[in-house]
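Please read the structure below before turning to the comments.
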Amino acid sequence: MFRRVWQSVMIFMARSDAITRFMQKSRATSFLVSKYVAGNTPEQGVEKAQALLTKERLRSSLFYLGEYVDSAELAQLNIDNKLAVAGVLENGELDLHISVDPSQVGFAVDPAKAREAVFGIAKRIKEAAGDREGVHCLMLDMEDDSYVDLTISLHNELKEQGYPLALTMQAYLKRTADDMQKQIDAGGRVRLVKGAFVGSADIAYTTQSDIKDNYRRLVAMMLSPEAKQRGFYPIIATHDDKIHEFAIEIAKKNGWQQGEYEFEMLLGVRQDVADALAERGERVRLYVPFGQDWWPYAVRRIGENPRNGVLLFRSLFS
Ligand SMILES: Cc1cc2nc3c(=O)[nH]c(=O)nc-3n(C[C@H](O)[C@H](O)[C@H](O)COP(=O)(O)OP(=O)(O)OC[C@H]3O[C@@H](n4cnc5c(N)ncnc54)[C@H](O)[C@@H]3O)c2cc1C
């Protein structure tokens with residue numbers, strides 16, 4: 001009950017334009033920015049990625065903040081920022097994923113232009129990787145269920161043309177086992193998340209325990225001997241340490257070496273768990289958002305655990 005009230009308050013705070021404007025201008029919230037967000041610019045995103053790799057052996061997935069845009073101008077701003085990140089990848093030892101939400105580059109506004117933009121970003125990432133094997137890829141994030149078919153076919157088309165890329169799939173959707181099998185057969189690269197959306201019982205698992213059970217079934221598919229043989233690359237994206245252990249156990253049993261699969265978590269969330277996995281030699285990546293429009297993202301992270309209230313309180317009143 002308390003958790004639900006807490007989350008509703010945080011969602012209200014994330015959606016309020018007035019609160020967003022106030023928080024993004026306030027100096028008091030700088031603590032939150034540095035916990036969950038890398039900064040405002042692509043350069044600050046890449047700097048954070050470099051620091052995480054050097055100090056903590058953690059790789060990064062960079063994401064320019066801004067979702068579900070409803071104007072061509074905003075879509076263009078998002079595209080420009082993705083291209084700017086891709087533009088600073090050419091040198092150094094980084095192995096970066098660049099995350100793109102289809103809605104963010106304007107699929108709801110002008111699908112042809114958005115498609116062209118995604119191909120442009122993929123091309124820039126491929127050029128930045130050059131002939132370095134396994135370095136940099138375009139990660140397609142997954143949004144609500146109305147975007148699933150579009151995102152998968154966009155992914156498949158890009159893959160056919162040889163672009164380095166990966167696809168996010170959500171354990172809350174019942175269709176995901178079939179979608180996953182197709183990506184395993186094709187030797188793809190998939191990031192599995194629980195899903196940040198809710199769906200009706202005909203298409204989705206609706207309780208946390210059913211979603212977790214499905215997550216485990218999907219992890220078992222991703223780390224099966226068959227998936228390994230096909231050259232599939234599993235990315236297990238959760239903060240759930242019991243699932244991390246479950247995945248490591250299956251990986252060992254089926255002969256996967258560390259680095260042939262990876263874990264991904266969000267910057268600022270259970271960082272101790274990420275560090276402990278990396279210390280055990282596991283490959284770990286953090287999702288590192290950057291951009292001016294950071295408040296809705298940060299407050300959603302706070303809302304995921306009522307214990308984070310202390311963070312909000314500390315940043316506002318210190
Ligand atoms: C790298 C990455 C990419 C993602 N991309 C997408 C996407 O493209 N599409 C999509 O729908 N969803 C995406 N998500 C979100 C995902 O679907 C879940 O909503 C989110 O990860 C929470 O689920 P969990 O698996 O961590 O498990 P949970 O069961 O929510 O959490 C596991 C444990 O971590 C703790 N925890 C979780 N969040 C916090 C927090 N903010 N602060 C403190 N403790 C916390 C919980 O208290 C619990 O102990 C992504 C998540 C990650 C990590």
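Position 1 is the first residue of the sequence, and the numbers go up from there. Whatever order the structure lists ligands and atoms in, that order sets their numbers, starting from 1.
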Original post:
What atoms in ligand 1 come closer than 4.0 Å to a heavy atom of R301?
Top reply: 40 (C), 41 (N)
**OP:** Check each atom of ligand 1 against the heavy atoms of G195 and keep those under 4.0 Å away; list them by number with element.
**Re:** 11 (O), 16 (C), 17 (O), 19 (O)
Subject >> Nearest neighbour of atom 24 (P) of ligand 1 from the list T238, I235, I243, L267, on a heavy-atom basis >> reply: T238
Original post:
Using heavy atoms and a threshold below 4.0 Å, how should the contact between R285 and ligand 1 be classified: side chain, backbone, both, or neither?
Top reply: neither
**OP:** Check whether the side chains of S200 and D202 place a donor and an acceptor atom closer than 3.5 Å, and report yes or no.
**Re:** yes
Original post:
Just which atoms of ligand 1 are under 4.0 Å from any heavy atom in F197?
Top reply: 11 (O)
Original post:
side chain to side chain donor-acceptor pair (under 3.5 Å) with D179: which residues, sequence neighbours excluded?
Top reply: R175
**OP:** Can you sort out which atoms of ligand 1 are near R270, meaning under 4.0 Å from one of its heavy atoms?
**Re:** 33 (C), 34 (O), 35 (C), 49 (O)
Original post:
Given N214, which of R217, K212, R216 fulfils the side chain to side chain donor-acceptor pair (under 3.5 Å) condition?
Top reply: R217
Subject >> N/O separation below 3.5 Å, Y287 to ligand 1 >> reply: no
**OP:** Could you tell me whether M265 and ligand 1 have an N or O pair separated by under 3.5 Å?
**Re:** no
Original post:
Do any N or O atoms from the side chain of D141 and from the backbone of S99 form a donor-acceptor pair under 3.5 angstrom?
Top reply: no
**OP:** For ligand 1, find out whether one of its N or O atoms is nearer than 3.5 Å to an N or O atom of E143.
**Re:** no
Subject >> Option with minimal heavy-atom separation from atom 36 (N) of ligand 1, where the choices are V269, L266, L286, I236 >> reply: V269
**OP:** Would you mind checking if K253 and E249 are paired as a salt bridge, meaning a charged N to carboxylate O distance below 4.0 Å?
**Re:** no
**OP:** Please could you name the atoms of ligand 1 that D141 approaches to less than 4.0 Å, counting only its heavy atoms?
**Re:** 8 (O)
Original post:
Taking both backbone and side-chain atoms of H239, is any N or O found less than 3.5 Å from an N or O belonging to ligand 1?
Top reply: yes
Original post:
Cationic tip of K194 within the cone over Y172's six-membered ring, i.e. under 6.0 Å and within 45° of the normal?
Top reply: no
Original post:
Under 4.0 angstrom from ligand 1, any heavy atom of Q208?
Top reply: no
**OP:** Can you run down the salt bridge (charged side-chain N to carboxylate O under 4.0 Å, His left out) pairs that involve residues 259-275, sequence neighbours left out, and say none if there aren't any?
**Re:** R191-E264, K228-E260, D241-R270, E262-R285
Subject >> Any side-chain donor near an acceptor of the partner, E226 and Q181, under 3.5 Å >> reply: yes
**OP:** Consider only side-chain N and O atoms of Q104 and Y64, and report whether a donor and an acceptor are under 3.5 Å apart.
**Re:** no
